[in-house]
Amino acid sequence: MLTGGGPPLDEAISKAVAGFSLSEADALSLVSSGPDATREICTAAAAMRDQGKGDIVTFSPKVFIPLTHLCRDFCGYCTFRKNPTQAGVDLFMTPEQVLDVANAGTALGCTEALFTLGERPEQRYPEAREWLEHRGFKTTLEYLTHVCQLVLDETNMLPHANPGTMARREIAALQPFNPSMGLMLESTSKALYAQGGPHEFAPSKRPSVRLRTLELAGQLRVPFTTGILIGIGESRQDRVLSLLAIAELHAQYGHVQEVIIQNFLAKPDTAMEDSPNAETTELLWTVAVARLILGPDANLQVPPNLSAKNYQIYLDAGINDWGGVSPLTPDFVNPEAPWPALIELKNKTEAAGFQLKPRLPVYPEYFLSTNEFLPDSLLNKLADMSDSEGYVQGGMQRYASRV
């Protein structure tokens, strides 16, 4: 952790609030701040959020579709990943299973079909390769493209693919069927993939390949969700440098629609099962610093199910979004952490002085008044599903039976 150098903290805060981008030295001056300074940073971050977003806080009503739990990587904190023996006969969800979940979500008012899956399992497991080849696909990403098109064409849902690292051609293949895509950067820290680190045996978690996917998405004009994971062995300085890398790519391409600040929770039967959970004070600091680095117009999210007892406090640190919340499916990545009920989410958001609005998986600014990012076919579907402000048509009344 840094102990000095760079502009003083007050100068960095004032610069951010005034609307100027923070340099690396500016941002790193926030690293050694104590509890009193954290409160000051949170106050500044909340003011910036109010300036850019007003009193609207959003969430995406979604279904979680875990297309496959197979993965070539081994991360020290993951329980989502399974090998073929654990996965049993269901190596992949079938198209019929995918459509059943999507249609059930539509009946509950959901608009996002979040596809989460392991990274390129066919490269490690012959069973995965054979399953795909038997159905006419060479890769998991080819199959993902197929089922995304099915969901878009045959349901009233919008796919949001989150498949891991991707090449240019793979992003381009998914693009016509996904108004947005996502990939967590997690961290740019080299320590995390060194010997003994949580990413030692996860080649797709190398920062260079993840940043390259984010860059390719920018070049292809794909609205993109990313974020960082805190509490897995990185330092405050690492978090700042990760956020600066995201900010730099967004400054170049304008495509980072949302940044998630996610806290680590230890899970049994993992290499990190005895590691401490990310501290609330560290999550507050990181969220507020993210707002100062990313600016007032950024969409900044904290998952409420990972901070079930006190998630509303992150409104005081500058967030404006709760991410995907499902009335139907669990969080398969964090199955021990149930989603909050919509009535609770609404009440806590309103008690803090904000309006809760459901959004589509792509934010309004990427389709409402521009055709720079999305093809006409997607723009037409978004127009049918959104209101005049670009939020889910019908607003919270759409979920009246659940709130």
Side-chain angles (χ1 to χ4, degrees), residues 49-64 102 105-114 151-152 155-160 178-182 222-225 254-260 296-304 311-312 314-315 318-328 339-403:
R49 183 269 323 284
D50 293 346
Q51 174 191 342
K53 301 297 178 180
D55 67 349
I56 294 173
V57 173
T58 53
F59 77 100
S60 178
K62 74 174 183 185
V63 294
F64 202 126
T106 298
L108 295 175
C110 297
T111 54
E112 174 183 351
L114 171 64
V151 167
L152 186 69
T155 77
N156 201 31
M157 297 279 277
L158 296 166
H160 175 86
N178 285 263
S180 60
M181 301 182 211
V222 176
F224 214 75
T225 293
H255 70 305
V256 179
Q257 67 156 8
E258 176 184 34
V259 176
I260 304 167
D297 295 326
N299 295 304
L300 193 60
Q301 178 209 132
V302 166
Y311 58 81
Q312 70 277 5
Y314 300 104
L315 293 166
I319 68 165
N320 67 293
D321 185 75
W322 296 122
V325 176
S326 181
L328 178 68
W339 309 113
L342 291 186
I343 182 61
E344 176 194 306
L345 192 68
K346 181 175 183 288
N347 288 344
K348 288 191 174 184
T349 302
E350 291 180 350
F354 298 90
Q355 302 179 63
L356 182 65
K357 291 196 174 188
R359 63 168 174 84
L360 300 171
V362 58
Y363 279 82
E365 53 264 43
Y366 287 89
F367 69 89
L368 193 62
S369 58
T370 179
N371 58 3
E372 179 184 354
F373 287 91
L374 301 176
D376 287 345
S377 57
L378 286 175
L379 288 172
N380 291 337
K381 183 151 189 173
L382 288 162
D384 290 339
M385 297 176 68
S386 60
D387 63 19
S388 61
E389 295 180 305
Y391 300 110
V392 173
Q393 198 170 93
M396 289 304 294
Q397 289 301 313
R398 183 183 179 101
Y399 313 98
S401 64
R402 282 168 287 279
V403 299

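All values below were derived from every heavy atom in this structure, side-chain atoms included, with hydrogens, water molecules and symmetry-related copies excluded.
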Asks: Please table the atom pairs, donor to acceptor, closer than 3.5 Å between any side-chain atom in residues 361-368 and protein atoms at least two apart or in another chain.
Replies:
residue, atom, partner, partner atom, Å
Tyr363, OH, Glu258, OE2, 3.1
Tyr363, OH, Asp321, OD1, 3.3
Tyr363, OH, Asp321, OD2, 3.3
Tyr363, OH, Arg359, NE, 3.2
Tyr363, OH, Arg359, NH2, 3.4
Glu365, OE2, Asn299, ND2, 2.8
Tyr366, OH, Gly254, O, 3.0
Tyr366, OH, Val256, O, 3.4

Asks: Out of curiosity, Phe64 CZ to His160 NE2, how far, rounded to the nearest 0.5 Å?
Replies: 10.5 Å
Asks: Should Pro61 and Leu108 count as side-chain neighbours, where that means a heavy-atom distance under 4.5 Å?
Replies: no
Asks: Of all heavy-atom pairs between Pro340 and Tyr311, which one has the smallest distance, and what is that distance?
Replies: CB-OH, 3.9 Å
Asks: Give me the atom names and distance for the closest heavy-atom approach of Gly105 to Val63.
Replies: CA-CG1, 3.5 Å
Asks: Show the nearest heavy-atom pair for residues Gly324 and Trp339, with the distance to one decimal.
Replies: O-CZ3, 3.2 Å
Asks: Determine whether Pro223 and Pro179 make a side-chain contact, defined as any pair of heavy atoms from C-beta on separated by less than 4.5 Å.
Replies: no
Asks: Could you grab the distance from atom CG of Leu360 to atom CG of Asp387, nearest 0.5 Å is fine?
Replies: 8.5 Å
Asks: Has Lys357 got a side-chain atom pairing as donor or acceptor with Val57's backbone, closer than 3.5 angstrom?
Replies: no
Asks: So which atom in Thr370 and which in Leu379 form the shortest heavy-atom distance, rounded to 0.1 Å?
Replies: O-CD2, 4.1 Å
Asks: Walk me through it: do Gln257 and Thr225 pass the test side chain to side chain donor-acceptor pair (under 3.5 Å)?
Replies: CA-CA 6 Å; Gln257 67 156 8; Thr225 293; 3.0 Å; yes
Asks: Measuring only between side-chain heavy atoms, which start at C-beta, is Pro296 closer than 4.5 Å to Lys53?
Replies: no
Asks: Can you name the closest pair of heavy atoms from Arg398 and Thr111 and give their distance?
Replies: NH2-CG2, 3.9 Å
Asks: What distance separates Tyr391 OH from Gln355 CD, expressed to the nearest 0.5 Å?
Replies: 9.0 Å
Asks: Enter the distance from Leu300:CG to Tyr314:OH here, rounded to the nearest 0.5 Å.
Replies: 12.5 Å
Asks: What's the spacing between Ser326 OG and Lys62 NZ if we round to 0.5 Å?
Replies: 7.5 Å
Asks: What pair of heavy atoms forms the shortest contact from Gly353 to Asp55, and how long is it?
Replies: O-CB, 3.9 Å
Asks: Let me confirm one number: the CH2-CG distance from Trp322 to Leu356, rounded to the nearest 0.5 Å.
Replies: 9.0 Å
